[in-house]
> 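After the structure tokens below, expect a handful of questions from me.
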Amino acid sequence: MPIFEYVCGKCGKVFEKLVLGKSREPLVCPDCGSKQVALKFSTFSSSSTSTRSTPTCAPSGGG
Ligand SMILES: [Zn+2]
């Protein structure tokens with residue numbers, strides 16, 4: 001499920017919000033009710049570290 005983390009810009013409360021495709025409800029802080037919420041990016045736990053990135057869906061050949 002696409003659960004995103006949001007942080008309130010008023011009280012600083014961090015809460016998770018389940019984002020659905022169709023349903024789009026306004027984002028409000030569940031603590032203070034402020035609309036000044038920003039999407040919080042969480043770090044992904046990666047076991048191996050790779051410096052170079054591999055191009056996905058590379059245009060090989062023709063069509
Ligand atoms: Zn708040």
Side-chain angles (χ1 to χ4, degrees):
M1 290 183 181
I3 299 179
F4 294 97
E5 250 186 342
Y6 292 92
V7 57
C8 179
K10 193 173 183 180
C11 66
K13 181 179 179 63
V14 179
F15 57 96
E16 292 176 343
K17 188 82 174 178
L18 176 64
V19 179
L20 297 175
K22 290 182 179 180
S23 180
R24 179 166 293 195
E25 49 189 309
L27 282 167
V28 291
C29 179
D31 206 48
C32 66
S34 178
K35 292 182 181 178
Q36 288 189 352
V37 288
L39 181 62
K40 187 174 183 293
F41 292 97
S42 58
T43 55
F44 289 90
S45 57
S46 182
S47 55
S48 62
T49 310
S50 58
T51 50
R52 63 182 181 185
S53 59
T54 51
T56 54
C57 196
S60 60

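Counting starts at 1 for both ligands and their atoms, in listed order. Just so it is clear, the structure is predicted and the values come from calculations on it, not from any experiment.
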> With a cut-off of 2.8 Å, how many protein N, O or S atoms neighbour the Zn ion (ligand 1)?
4
> For C29 and V37, which heavy atoms make the closest approach, and how far apart are they?
N-CG1, 4.0 Å
> Sequence neighbours left out, what passes side chain to side chain contact (heavy atoms under 4.5 Å, CB included) with V28? Give chain and number order.
K35
> So do the side chains of C32 and K13 get within less than 4.5 Å of each other, counting heavy atoms only?
no
> Check for me, please, whether V14 and F4 land in the same ILVMFWY cluster - side-chain distances under 4.5 Å, paths through other members count.
no
> Calculate, to the nearest 0.5 Å, the distance between atoms NZ and SG belonging to K40 and C8 respectively.
13.5 Å
